[in-house]
Amino acid sequence: MKITPKCGCNGGPDLMFCCSGAADTAEIADQAVRTLHRAKEAKMFCLAGIAGEVELIVMNTQAANRMLVVDGCDSDCAKKTMEKNGFGDFVHFRVTDLGWEKGKTPVSGERVAEAAARLRQLLSGAPARADA
Amino acid sequence: MKIQILGTGCAKCKQLTENAEAAAREMGIAYEIEKVSDIVEIVKYGVMATPALAVDGKVKLVGKVATPAEIRVLLS
């Protein structure tokens, strides 16, 4: 996807990070985040880049207006990765909070759509970050 | 040293340019300021928010107006 820089006068971009893990609920999380990304409602950004301390990814993240961090289960790998790298002012969501059990929730279009709707709701209510 | 200011020309971009020039002058270094305002060119740097600052092509700052003191650190 082409990235169009956002002028800092109006705040940086809204970014989403996802664990994108191996479990079924993580796959639902990943697909839901990508749904919003494709619809250009927010940009999915690389969690691995944060963990790897890739300079440009970290700098772009520091400029984010709002951040949504999504995990597939209560291991909270994405949340912990963000926090370990100095990011704390984000909205966090676990897909299992929708009542689904890790390992017993096959991926389906309906579930992805339900998770995406919840993410959309959280994003719209998220406050702008203080240093954005 | 080439200091590149990436931005489409808003007030924050202009302030960052002024601060970068002040920082470079205070350091007494030989410098050249290049304003990159073409959005296609800005995208090539990989920045997602402006204003941004690059030194000799390497991005050092994204989406904020740094003070001259902060920029001195980036230039050193």
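Below, all heavy atoms of this structure are taken into account, side chains as well, without hydrogens, waters or symmetry copies.
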_Residue from A/Ile57, A/Leu15, A/Leu56 passing side-chain contact (heavy atoms from CB on, under 4.5 Å) with B/Met48_ =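 With B/Met48 as partner, A/Ile57, A/Leu15, A/Leu56 yield a single side-chain contact (heavy atoms from CB on, under 4.5 Å), made by A/Leu15.
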*Taking all non-hydrogen atoms of both residues into account, name the closest pair between A/Pro13 and B/Ala49 and its distance.*
CD-CB, 3.9 Å
_Which portion of B/Leu61 sits near chain A, non-hydrogen atoms under 4.5 angstrom_ = backbone
_Proximal component of B/Lys58, with respect to chain A [non-hydrogen, under 4.5 Å]_ = side chain
Connected via hydrophobic side-chain network under 4.5 Å: [X] and [Y]:
X        : Y        : result
A/Val33  : A/Leu122 : yes
A/Val112 : A/Leu68  : yes
B/Val59  : B/Val36  : yes

*Heavy-atom neighbours of A/Glu55 CD exceed 12 at 6.0 Å*: no
